[in-house]
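Contents: one structure, followed by commentary.
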Amino acid sequence: MIVNFCSLLYSSLKNGVAMMMSLRTAPSLPLIFLLVIHNVFSKNGLGVNYRHSHICALKNSSVIMSCTYTYPTRYKIKKVFWTKNPVHGEEPPDLSDDPEYSQRLQYLGDEQKNCTIRLSHVTQKDSQMYYFRFITDKPGEKWLGVPGVTLTVTELQVESPETVKEGHNVSLTCKSSCDLTDRATFIWYRNSQPLTERRDRNNQLLLQSVRREDAGRYSCGVQGHNHYLKSSDVQLNVTYPPKESLVEVSPSGEIVEGDSVTLICSSDSKPSCRNQLV
Ligand SMILES: *[C@@H]1O[C@H](CO)[C@@H](O)[C@H](O)[C@H]1NC(C)=O
Ligand SMILES: *[C@@H]1O[C@H](CO)[C@@H](O)[C@H](O)[C@H]1NC(C)=O
Ligand SMILES: *[C@@H]1O[C@H](CO)[C@@H](O)[C@H](O)[C@H]1NC(C)=O
Ligand SMILES: *[C@@H]1O[C@H](CO)[C@@H](O)[C@H](O)[C@H]1NC(C)=O
């Protein structure tokens, strides 16, 4: 929304009358907006807009950073590239020259207005800030799109109680450390077998009236076009009361008065009960 407004006002700047009108029709325009605009567009009309300023992505997935840039039509673009964590006062390096990125980085944009990029097979180490830079043919007329795009790479984790009583309901959640920017469809597994049980919400698995057979190792995963991610396993145990009890007497056979005997009660319950009576 701010972006749209910025470009509206930016085009208005080219036309004094239109600018007066937009200021008059929006008298409540706060000063802060003007400051933001100043930050996004320099006075000579160079600027970068990112579709998302924060991206939360799953490990091993591909991340698309959508981006557009503007500059006066009389300018020619000499160089476009992405960089990360620029150091003030130093010319930022081109990320595609970085061996850690060169194989995974794909510039999908052009040398006109689109600066979209794709980074594939992201790892935790890619959780950084990324910036688009362009250099024009006019001396000193170059631009770094600040603030950039903050990328957070997350893994999946199953949140589940350790035990549940037979017959009760239990809900398992597939969690990530940040809210995923792209919608994901989760897959659930019990002992590595995919499940078809009902979902509570997209990332939750609802087990109703839990049976003994529901006990096992649970994990969740996401399958994308060109990536796959699975959480580690979490053990869910089901507890149930005994149906039948056994009494063992030892030593067995004939017992004479005064002898000591041991009575052991055992059952099929979980956790199993073993009571000894001496
Ligand atoms: C920029 O290019 C990408 C990849 O070709 C495309 O998906 C996207 O729609 C383009 N964005 C704009 C604003 O044209
Ligand atoms: C389990 O969930 C179902 C459906 O939501 C509900 O009808 C039932 O009462 C719940 N059982 C328990 C033990 O909470
Ligand atoms: C990443 O995704 C690829 C493509 O689906 C898959 O072959 C690979 O096993 C995944 N790597 C990890 C570490 O999950
Ligand atoms: C769950 O069951 C496993 C295997 O039977 C056992 O090793 C583990 O200690 C149990 N965990 C809990 C919390 O009862």
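Excluded from the calculations below are hydrogen atoms, water molecules and symmetry mates; all remaining heavy atoms, backbone and side chain alike, are included. Numbering of ligands and ligand atoms starts at 1, following listing order. As the structure is a computational prediction, the values presented were derived from the model and not from experiment.
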* Structure fact -> min-distance protein heavy atom vs atom 8 (C) of ligand 1 -> Asn114 ND2, 3.7 Å

* Salt bridge flag under 4.0 Å for residues Glu166 and Arg211 -> no

* **Residue Asn169 vicinity, atoms of ligand 2 by number, heavy atom under 4.0 Å** => 1 (C), 2 (O), 3 (C), 8 (C), 10 (C), 11 (N), 12 (C), 14 (O)

* **Sub-4.0 Å atoms of ligand 1 with respect to non-hydrogen atoms of Leu108** => 2 (O), 4 (C), 5 (O)

* Polar atom proximity, Glu162 to ligand 4 (N or O, under 3.5 Å) -> no

* Between Leu46 and Tyr75, is any pair of side-chain heavy atoms under 4.5 Å apart? -> yes

* Asked: Under 4.0 Å from atom 5 (O) of ligand 1, is there any protein heavy atom?
  -> yes

* To do: Do me a favour and list the nearest non-hydrogen protein atom to atom 11 (N) of ligand 4 with residue, atom name and distance?
  => Asn237 ND2, 2.7 Å

* **Atoms in ligand 1 flagged as close to Thr116, the criterion being non-hydrogen separation under 4.0 Å** => 1 (C)

* To do: Using modelled atom types only, decide if a donor and an acceptor are shared between the side chain of Ser120 and the backbone of Arg104 within a distance under 3.5 Å.
  => yes

* Lys/Arg N to Asp/Glu carboxylate O, Lys79 vs Asp94, below 4.0 Å -> yes

* Is_contact(atom 2 (O) of ligand 4), protein non-hydrogen, under 4.0 Å -> yes

* How far does CD1 of Ile55 sit from NE2 of His52, to the nearest 0.5 angstrom? -> 6.0 Å

* To do: Mind telling me whether Phe132 and Tyr107 have parallel, tilted or perpendicular rings, with 30° and 60° as the class edges?
  => parallel

* To do: Could you tell me whether atom 13 (C) of ligand 4 has a protein heavy atom closer than 4.0 Å?
  => yes

* Once you round to the nearest 0.5 Å, how far does CG of Leu229 lie from OG1 of Thr154? -> 8.5 Å

* Please work out whether any backbone atom (N, CA, C, O) or any side-chain heavy atom from C-beta onward of Thr68 is under 4.0 Å from ligand 1, and answer side chain, backbone, both or neither. => side chain

* Pull out every atom of ligand 2 sitting under 4.0 Å from any heavy atom of Gln208, numbered as shown with elements. => 2 (O), 3 (C), 4 (C), 5 (O)

* To do: Return yes if some donor-acceptor pair links the side-chain N/O of Gln128 with the main-chain N/O of Lys125 below 3.5 Å, else return no.
  => yes

